[in-house]
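Along the sequence shown, residues are numbered consecutively beginning with 1. Not measured: the values here are computed from a predicted model.
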Amino acid sequence: SKTIRIMNVKGDISNLLGQKVRGTNKNCTASVERIFGIEEGGISGYELSLNRSSITGTFVPGEKIVSDNTITLDDGSVVPAVTAVISPIPVSVRLITKGTGYRVGDVFSIVSPSGVGSGGRAKVEKVDASGGIQKIVILSYGLGYSKDLVPIINFSETLQTVENIL
């Protein structure tokens, strides 16, 4: 299965289980197999596990998703039972400078210059003889990052860019 993280949920999240969701920008669709409540750095949201074979199109960060099932409001209007927004997450790290003095296993928080989003963490996986970082991996994706901002990892005096791709 493939997962997406969502926030700003309106409606009963349990109504998505076994249902189809649709992205409103790209009109992509998928069936929801599992729903996990998550909290990252004090921000709450959900991770939806999507049936891989049911996915059509591409869900994009910041996109509003709606359930195919609907509810009827008191005024008679019919609306999606659930709406939410896909939370952008950092999924890869591009090192700008490798620094020195780091050790395999060092863990860092992924932060946004504007403070939007939190909970992302990365770990040093490989260093050279001087402790320069050669490989870093994402441990936790976090939640609530802005699709327009590129989060950074602050390594002492040097900043490392974390590509913000869903």
Would a hydrophobic clustering, with Ile, Leu, Val, Met, Phe, Trp and Tyr connected at side-chain separations under 4.5 Å, put [X] with [Y]?
X    : Y    : value
V104 : I133 : yes
V85  : I35  : no
L17  : V21  : yes

Of all the heavy-atom pairs spanning [X] and [Y], show the shortest one and how long it is.
X    : Y    : answer
S54  : S31  : OG-N, 2.8 Å
V127 : Y102 : CG1-O, 3.7 Å
A81  : I71  : CB-CG2, 3.9 Å
C28  : E63  : SG-OE1, 3.9 Å
L16  : V32  : O-CB, 3.3 Å
I136 : K123 : CG1-O, 3.1 Å

Q. Will you find, in the side chains of Q19 and D68, an N or O donor that is under 3.5 Å from an N or O acceptor?
A.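 No donor-acceptor contact under 3.5 Å links the two side chains.
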Q. Using a distance-only test with no angle check, is there a side-chain donor-acceptor pair under 3.5 angstrom linking T29 and T56?
A.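 Result is yes, a qualifying pair exists.
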Could you check whether any side-chain heavy atom of [X] comes within less than 4.5 Å of a side-chain heavy atom of [Y], counting everything from C-beta outward?
X    : Y    : result
K2   : I55  : yes
I86  : V60  : no
I6   : L48  : yes
V124 : V137 : no
K64  : T83  : yes
F59  : N25  : no
K10  : V82  : no

Atom pair [atom1]/[atom2] of [X] and [Y] - distance to nearest 0.5 Å:
X    : Y    : atom1 : atom2 : answer
S49  : R34  : OG    : CZ    : 4.0 Å
N8   : S87  : CG    : OG    : 9.0 Å
Q134 : D128 : CD    : CG    : 5.0 Å
R22  : N27  : CZ    : CG    : 5.5 Å

Q: State whether the number of non-hydrogen atoms from other residues, nucleotides or ligands found under 6.0 Å of D74 atom CG is greater than 12.
A: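 Atom CG in D74 is not packed in, count stays at 12 or less.
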Q) So which residues get pulled into V66's cluster when ILVMFWY side chains under 4.5 Å apart are joined, directly or through others? A)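 ILVMFWY cluster around V66 holds nothing else.
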Q: Evaluate side chain to side chain contact (heavy atoms under 4.5 Å, CB included) for I65 paired with T24, printing each intermediate quantity in order.
A: CA-CA 6 Å; I65 62 167; T24 58; over 6 Å; no
Q: Verify side chain to side chain contact (heavy atoms under 4.5 Å, CB included) between I38 and R5, making sure each step is shown before the conclusion.
A: CA-CA 9 Å; I38 54 175; R5 289 187 171 203; 3.7 Å; yes
